[in-house]
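In what follows, a structure is listed as structure tokens, so that the remarks can point back to it.
As the structure is a computational prediction, the values presented were derived from the model and not from experiment. First the proteins, then the strands, lettered A, B, ... as listed; each starts at 1.
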2 protein chains.
Amino acid sequence: MARKRFDDSNCSVARALNEVGDWWSLLIVLHAMYGTRRFVDFQQQLGIAKNILCDRLARLVDNEVLRKEEVGEHGSRFEYRLTEKGRDLFPVVVALRQWGDKWNPAPDGQPLDLRDRDTGEPVQTVTVRNAQGQPLSIRDVFVAEDLNSSTKSA
Amino acid sequence: MARKRFDDSNCSVARALNEVGDWWSLLIVLHAMYGTRRFVDFQQQLGIAKNILCDRLARLVDNEVLRKEEVGEHGSRFEYRLTEKGRDLFPVVVALRQWGDKWNPAPDGQPLDLRDRDTGEPVQTVTVRNAQGQPLSIRDVFVAEDLNSSTKSA
DNA sequence: CAATAGGGTTGCATTTTAAAACCAAATTGA
DNA sequence: TCAATTTGGTTTTAAAATGCAACCCTATTG
């Protein structure tokens, strides 16, 4: 049977994964964040099959994570650029990368060294924070249930 | 052809996606964070096929995101519980959920209301921060290239 | 002691994926 | 100028992954 879809799930993580939760989409977004814009460049950097790349780019464009722009005066060259929605995945990508660097460090070392453009200092580890800015672990939080609903929001 | 694997990619995001980047794994982790531990409960809450759930749980255990524990004295009931590595996905999951709530709000409202257990106040939006704690967008950062290597780390 | 729940495995039809071949418009370069 | 190449795709085909239903074995329950 077909892969299950989460479009209409009442869980926003499921809906998010429906847009960027496959093997390639988030990597495409990552490379877009690093400045890649052209079809061929994505293809070469990711080592992805062209038909899959076509499909994923189209889906990301449909979901407004990327925008497809004609470049050159004759309109046969395109650029895929992040929308605000796409750029908003920045914390997700950085958090995932930090997790990967921590728990599955590259065999040849060198984790991501992302730095503040102004100060040149490394960025902090992405964490969930309370209103005062203190980092919180999963044990430090609870889900405020919607008073109008008895269905669990998880 | 087979799905491409990213086990030995030199990109930690790719390696991370190799562990939790399929349609189900991160949802399983999410539900584990909400307290689900039993096979049947995962199955019912997620609506996932049993064979797929078996496979995903085994893979998450292999990758040390979950731990499988026997419960009950006769050892025929099991619980799947998050390891530290698994709990460390908390910022990733929260960031993804916040992104989903922002850009694909549930048709029936109610975004995640995650609160500090101590103060009862909602948590902040997950962001990338500089050393001083200021939120940074993707335009505010750069990647410090490894001086010993000329290969791009993206 | 039969029924049921928990935790799986197996078989099968349907989709997805990857790779390679092919294609057409635009650009390059000799 | 005209052939070669680049860009951005589509098509075809085989191998995998998915979803569902059916089955299995071990506890526990009524």
Side-chain angles (χ1 to χ4, degrees), chain A residues 1-9 14 17-28 31-32 35-63 65-81, chain B residues 1-9 11 14 17-28 31-32 35-63 66-81:
Chain A
M1 286 288 161
R3 162 187 297 162
K4 192 158 288 196
R5 283 269 126 82
F6 302 116
D7 307 71
D8 52 358
S9 168
L17 289 173
N18 203 51
E19 294 193 0
V20 295
D22 70 286
W23 294 90
W24 288 114
S25 296
L26 210 56
L27 284 180
I28 292 173
H31 280 250
T36 304
R37 295 176 181 176
R38 304 296 290 271
F39 187 92
V40 249
D41 295 331
F42 282 114
Q43 209 213 319
Q44 286 172 0
Q45 291 168 22
L46 291 168
I48 183 176
K50 292 167 83 175
N51 49 353
I52 304 296
L53 180 57
C54 276
D55 177 78
R56 291 305 183 276
L57 287 173
R59 237 143 67 66
L60 289 169
V61 169
D62 276 352
N63 290 326
V65 172
L66 295 179
R67 204 165 2 100
K68 182 175 184 174
E69 285 184 357
E70 294 191 355
V71 295
E73 49 282 3
H74 302 81
S76 170
R77 297 294 146 96
F78 306 98
E79 281 187 1
Y80 295 88
R81 310 190 60 168
Chain B
M1 284 291 155
R3 164 184 297 161
K4 189 157 289 192
R5 283 269 127 84
F6 301 117
D7 306 71
D8 51 358
S9 168
C11 170
L17 289 174
N18 203 50
E19 296 193 359
V20 295
D22 70 288
W23 294 90
W24 289 115
S25 296
L26 210 55
L27 285 180
I28 292 172
H31 280 252
T36 303
R37 295 176 180 177
R38 306 293 290 272
F39 186 92
V40 250
D41 296 330
F42 282 115
Q43 209 212 317
Q44 286 172 1
Q45 290 167 22
L46 292 167
I48 183 177
K50 291 168 82 174
N51 50 352
I52 305 296
L53 179 57
C54 276
D55 177 78
R56 290 307 182 276
L57 288 173
R59 238 144 63 67
L60 288 169
V61 169
D62 276 351
N63 290 326
L66 295 179
R67 205 165 2 100
K68 183 176 183 174
E69 285 184 357
E70 293 190 356
V71 294
E73 49 282 4
H74 301 83
S76 169
R77 296 297 146 94
F78 305 98
E79 282 187 358
Y80 295 89
R81 310 190 59 167

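For B:E69, the side chain to side chain donor-acceptor pair (under 3.5 Å) partners at least two apart in sequence or on another chain are B:R67. For A:A32, the side chain to side chain contact (heavy atoms under 4.5 Å, CB included) partners are A:F42, A:L66, A:L82, not counting sequence neighbours.
Rounded to whole angstrom, the span from the CD atom of B:E70 across to the P atom of D:dT26 amounts to 15 Å. If you take CD1 of A:I52 and C1' of C:dT16, they are 7 Å apart, rounded to a whole angstrom. Note: CD1 (A:I48) to P (C:dA19) measures 10 Å, nearest angstrom. The interatomic distance linking B:E69 (CD) with C:dG7 (P) rounds to 13 Å, in whole Å. Put simply, CD on A:Q45 is 15 Å from C1' on D:dT7, counting in whole angstrom units. In this entry the distance linking CG of A:N51 with P of D:dA14 reads 15 Å, nearest Å. A:L66 has its CG atom 14 Å from the P atom of D:dG8, to the nearest Å. The distance between atom CZ of A:F78 and atom C1' of D:dT6, rounded to the nearest whole Å, is 14 Å.
Between A:W24 and the phosphate of C:dT16, there is no side-chain N or O to OP1/OP2 separation shorter than 4.0 Å. Within the structure, a side-chain polar atom (N or O) of B:Y80 is placed less than 4.0 Å from OP1 or OP2 of C:dG8.
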- Message: Could you walk me through whether A:I28 and A:V20 satisfy the side-chain contact (heavy atoms from CB on, under 4.5 Å) test, starting with their C-alpha distance in whole Å, then the side-chain angles of each, then the deciding distance to 0.1 Å, before giving a yes or no?
- Response: CA-CA 9 Å; A:I28 292 173; A:V20 295; over 6 Å; no
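Residue pairs meeting the side chain to side chain donor-acceptor pair (under 3.5 Å) criterion with at least one partner in residues 48-60 of chain A, sequence neighbours excluded, are A:D22-A:R56.
Contacts between residues 54-63 of chain B and DNA chain D, counted as heavy-atom distances below 4.0 Å, involve B:R56. Contacts between residues 37-44 of chain B and DNA chain C, defined by a heavy-atom separation below 4.0 Å, involve B:R38, B:F39, B:V40, listed by number.
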Dump the pairs, protein N or O against N or O of nucleotides 22-24 of chain C, anything under 3.5 Å, distances to one decimal.
none

